[in-house]
Amino acid sequence: MSQGFGPPPPGFGPPQYPPGAGGPVVHDAHTLPADDNVNPYTFSVHLDGQWFLQRGKMIAYYGQIDFHGLGHGPLDRLVASSFHSPLHAAQWVVAQGRGRMLLADRAFDINSYDLDQGNLTIRSGNLLAFSPGLALKQSIIPGFLTLIGTGKFVAASNGAVVFVEPPIRVDPQALVGWADCPSPCHHYDHSYLRGVLGGVRMLTGLGGLSGEEHQFEFAGAGQVLLQSSETLMDGIDTGSVPWEPGMPGGPEGMAGGGRGPGGRGPLPF
Amino acid sequence: MAFTQLTSKMVRADVAPGQVVFSQRGAMLAYTGQVTFTPSITGGQGGLGSMLGRRIAHEAVPLMTVEGHGAVMFGHGGHHAHVVDLSGETLYVESDRLLAFEGSLEQGTMFMGSQGGVMGVIRGQVTGQGLFTTTLTGYGSVAVLAHGGVFELPVTPQAAVHVDPQAYVAHRGDLRNRLSTAVGWREMVGRGSGESFQLELSGSGTVYVQASEEKL
């Protein structure tokens, strides 16, 4: 991981220019960092080969780079080895060539992460780009994508990402992703809604709710990535999974319910 | 102190048995350990009287009580959070800017008119503080929300500080604030500089300013 644990360097406001820089830093093709952040909001990829990026996240490049939409063209074999989801491939673009490519997303904080024979699951809207050593798969958690393999990927977050280790319970909106630990489960905390008074409170809404009744709970070894705000980024379509018996959720995405035998959900059609 | 600034937008509070932390409802991002979150009906400290006072003063924000043993991370709405450690002074801040504060602090409500009479009331209207503002006194930490990063400007008896009312976040210490106006014929014909109202803070203390003129 290219970012450490614990509190980041002191100082307020994200833009932290290198020490000694007295103003805007002027870059050219040779001084742009290779596979590193230019500033907290921009990442520079040293491209020699291919990278995958979410459509529309490239802001500038030096060199000879071609951008191919997925689903057609000469890269079908590469695509077949890196994408394993049925439908969302159209959201992605292959950058091919040599040069420096700058990635950014609406002034959100950008970070890069290295995976070494690892796996990491991330909220779909936060993933900007990844190198072909990684395979992109749909997580069984709707709206999340899983990256498996060795390579580098770039993700955006609202505010800098903080790493924490389980056991921890996380507000659903603050969750960016998790690495190397099993999937989260839901945790409900209604302890203050006990008893008669609690019942009255729950039924009438008197006294309000704390807004913290529901969290994702993580256990086991690994790392959980938190973003420091509760503002979500737009998700991208992760594609839908063809429904079959044994899939989590029903064909409508509703958990469990339905009239089919064995709780398999409503019968299709 | 019990609050740690993790990033510019995230604050960690360590909670131990016997220590209460109040926070804005829904502002918890994550926690470890055994921590419970209970909505505070009275909206903070004190009993029914304090609650009524806050309701009347429109300084009542939905707060929750955080208790237990562990560490809680707070953040809200993508706003910047800033930790202020108080050691006996009073912090004057709008209640909706309060992200979290320790229960060891005494929470109060202050009428703007008590600082400068009618001009205090007008000042409250211009800064968007309204007629009342919240005070926190004692020993403990406060996490304050702001749009854009927060910086502290020290105020000394020799050097008064002028702040744009919209960029004002909070102040602490023994400060007198005064709304200084520079309204002339230019403002009347719509050719003003846009800086005709300024908040002048004098005395000794600290004023917290956000790097934005946007309200929360």
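Of the two parts of B:V11, neither the backbone nor the side chain holds a non-hydrogen atom closer than 4.5 Å to a non-hydrogen atom of chain A.
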Start with the C-alpha distance between B:M10 and A:Q227, add both sets of side-chain angles, then the distance that settles side-chain contact (heavy atoms from CB on, under 4.5 Å), and finish with yes or no. CA-CA 8 Å; B:M10 197 191 277; A:Q227 69 180 5; over 6 Å; no

Can A:N158 and B:K9 be said to form a side-chain contact (heavy atoms from CB on, under 4.5 Å), step by step? CA-CA 9 Å; A:N158 191 333; B:K9 296 178 179 178; 3.6 Å; yes

Check the pair A:V162, B:R12 against side-chain contact (heavy atoms from CB on, under 4.5 Å), reporting the backbone distance first and the verdict last. CA-CA 11 Å; A:V162 172; B:R12 195 185 82 193; over 6 Å; no

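Here OG1 of B:T7 is found 8.5 Å from CG of A:D109. Values are rounded to the nearest 0.5 Å. Going from atom CZ of B:F37 over to atom CD of A:Q215 covers 6.5 Å, rounded to the nearest 0.5 Å. Atom CD of residue B:Q34 and atom CZ of residue A:R169 lie 5.5 Å apart, to the nearest 0.5 angstrom. A:E165 CD to B:T32 OG1: the interatomic distance, rounded to the nearest 0.5 Å, is 11.0 Å.
Atom NE2 of B:H69 has 12 or fewer heavy atoms from other residues, nucleotides or ligands within 6.0 Å.
The heavy-atom pair separating A:I168 from B:A30 by the smallest distance is CD1-CB, 3.9 Å.
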